[in-house]
Amino acid sequence: MSTNFNWESCRMSEEINELVRQRIEKIDQYRRSGINPYPPRYRRTHTTEEARGVFREDEKPKVSIAGRLRSKRVMGKASFAHLEDQSGQMQLYARRDDMGEESYELFKSLDLGDVIGVEGFVFKTKQGEISVHVEGLTLLAKCIRPLPSVKEKDGRLFDEFADREMRYRQRYVDLIVTPKTRQDFIMRSRIITGIREYLTRRGYIEVETPMMQAIPGGAAARPFITHHNALDIDLYLRIAPELYLKRLVVGGFEKVFELNRNFRNEGISTRHNPEFTMLELYEAYADYETMMHIAEDMISKLARELLGSMSLEYQGSKIDLTPPWKRASFVDLIREYSGLDFSTIASVEEARRVAESIGVKTTDKMNLWEIAGEVFDEKVEASLVQPVFVTDYPRELSPLSKSREDNPDFVERFEIFIAGREMSNAFSELNDPFDQKARFEEQVRKREAGDDEAQMMDYDYINALEYGMPPAGGMGIGIDRLVMLFVNTASIKDTILFPLLRPEGK
RNA sequence: GAGUCGCUAGCUCAGUCGGUAGAGCAACUGCCUUUUAAGCAGUGGGUCCGGAGUUCGAUUCUCCGGCGACUCACCA
């Protein structure tokens, strides 16, 4: 009968505001007049988009549609409103004389945000808007909290929901009132689906490897630690799936990919979220050249299919994804943008001196190539707006990549930069267990010297390589950053539905 | 972790050179049977992020704290 609303307990949890109180009182009124404000189901026959499709000039096709009330214009004994479902909006036209006094009173009592079902016929108003002439109305879920009162005309939003913190914390509200938010996450979904289709069609199989790992390998990053009670062991949330995927290549899965979350216990910024989505793929009997082809082919095709063009606008820059993408070596790019030529620098001391001379900060622990990496990050990265494969990384920065045959100080590796950001990292996979063990030992030395991002020794991974891994190419692509590019957002938070925020106090 | 900026009604924002605050939208009450950022008339709504200090008096000034945005650091 009545709502049995416990005002006392509500007051305990928070101060109740007038708007919420009014709406809860409406629920009581509905119940008194036999209306269930939260009925169990509603059978709709059409989405709003489908309903628009059945419009005929000289017919009155009947439809039942359902969705959220987004606007309401009551003009005495007739009213207009807009109902929104996932497919779009539909104007409603309600007339007292056509739906009866009781039903029309219910209509007038609706609040913006209420979820309703409507039966009626599709027609076109004098102003030319296809609408549903309401004959029956069902309340499906009362919205007791007021929505931000965003209005819209000709695609322009007025008083849009602008509080970023609220938009991230209450993403459900943001999704209701901000069309771009909905569109961007639909685009994200399409990109991910497109990648799965592309790779599957190419003969790849999708696999899932451990998120909880005893040895967090495959990348240079600080991990999250957790604990398993029954086994009484500490585990790490994975920083990359790489070493497990390559175990599968050893096992005979020749084309595998995984498209899922990685976790890195590091800072949060417009480009970093502690959990983020990564595509990693490995192909036996391929190499980093194969990966270049896949990257430029897949990403440019996604753009063409999903954006309708291989060139796009990102934060004021025109970016052309049409293949082939430029290739340039790590050392050449540093020379081009900083004037420093690391191919002729012989000592760490010299490297430190010239780097400092152009304003790049170094530390005592850095070796020559780490200093070069720092110069690259400082002086080169931001300038790489158009897609470019940066190739020929130094071996010291690449503990999992295969060395070049012609110069073992460098490896068969590339990173893709677009819009000044690293999008991808790929290489010909190191499959020599002796070399890999030596690289791990080098990492362990760095770790013992205090570098907590250096990698840990993984004997089982060496063991796997000792069974023989076919030569293979592998690549990782940061999905969140790729989505940023496609939907033109400045912050990674706008591509992650629920980005990590500090919990609200109290 | 550091710096800058922000936090005022449900939302978007004004404002107070220190005297407990306003607008638009949303809400409520009327009027209005093809409107669409509907319109007209009226009404209600605030711990001005929290705490301390200075002051006769703090939303405003100072300090401490909270959360966020941005930049940097960190980070591939």
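Chain letters run A, B, ... following the sequence lines, proteins first and then strands; every chain starts at 1.
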I'd like to know whether [atom1] of [X] has more than 12 heavy-atom contacts from other residues, nucleotides or ligands below 6.0 angstrom.
{"X": "A/Arg73", "atom1": "CZ", "value": "yes"}
{"X": "A/Lys180", "atom1": "NZ", "value": "yes"}
{"X": "A/Glu356", "atom1": "CD", "value": "yes"}

- Query: A/Arg70 has an atom CZ; how far is it from atom C1' of B/rA37, in whole Å?
  - Reply: 13 Å

Side-chain N or O of [X] versus OP1/OP2 of [N]: is the shortest distance under 4.0 Å?
{"X": "A/Lys26", "N": "B/rC28", "value": "yes"}
{"X": "A/Lys493", "N": "B/rA69", "value": "yes"}
{"X": "A/Gln127", "N": "B/rU34", "value": "no"}
{"X": "A/Lys153", "N": "B/rA37", "value": "yes"}
{"X": "A/Arg145", "N": "B/rG10", "value": "no"}
{"X": "A/Arg73", "N": "B/rA38", "value": "yes"}
{"X": "A/Lys151", "N": "B/rA26", "value": "yes"}

- Winner on side-chain proximity to A/Thr125, out of B/rA37, B/rU34, B/rA27, is B/rU34

- Query: Contact class for A/Ala219 (heavy atom, under 4.0 Å): base, sugar-phosphate, or nothing?
  - Reply: nothing

- Message: Under 4.0 Å between a side-chain nitrogen and a carboxylate oxygen: does that hold for A/Asp174 and A/Arg167?
- Response: yes

- Query: Are A/Glu258 and A/Arg238 within salt-bridge range, i.e. N to O under 4.0 Å?
  - Reply: yes

- Output for pair (A/Leu340 CG, A/Ser357 OG), nearest 0.5 Å, gives 6.0 Å

- Note on the structure: Rounding to 0.5 Å, atoms CZ (A/Arg52) and OG (A/Ser131) come to a distance of 8.5 Å

- Query: Between A/Gln91 and A/Arg271, who's closer to the 5' end of RNA chain B by nearest nucleotide?
  - Reply: A/Gln91

- Message: Go nucleotide by nucleotide along RNA chain B from the 5' end; which of A/Arg481 and A/Ser149 gets its closest nucleotide reached first?
- Response: A/Ser149

- Item | Dot-bracket notation for RNA chain B, counting Watson-Crick and G-U pairs under 3.5 Å, with | for partners on another strand | (((((((..((((.....[..)))).(((((.......))))).....(((((..]....))))))))))))....

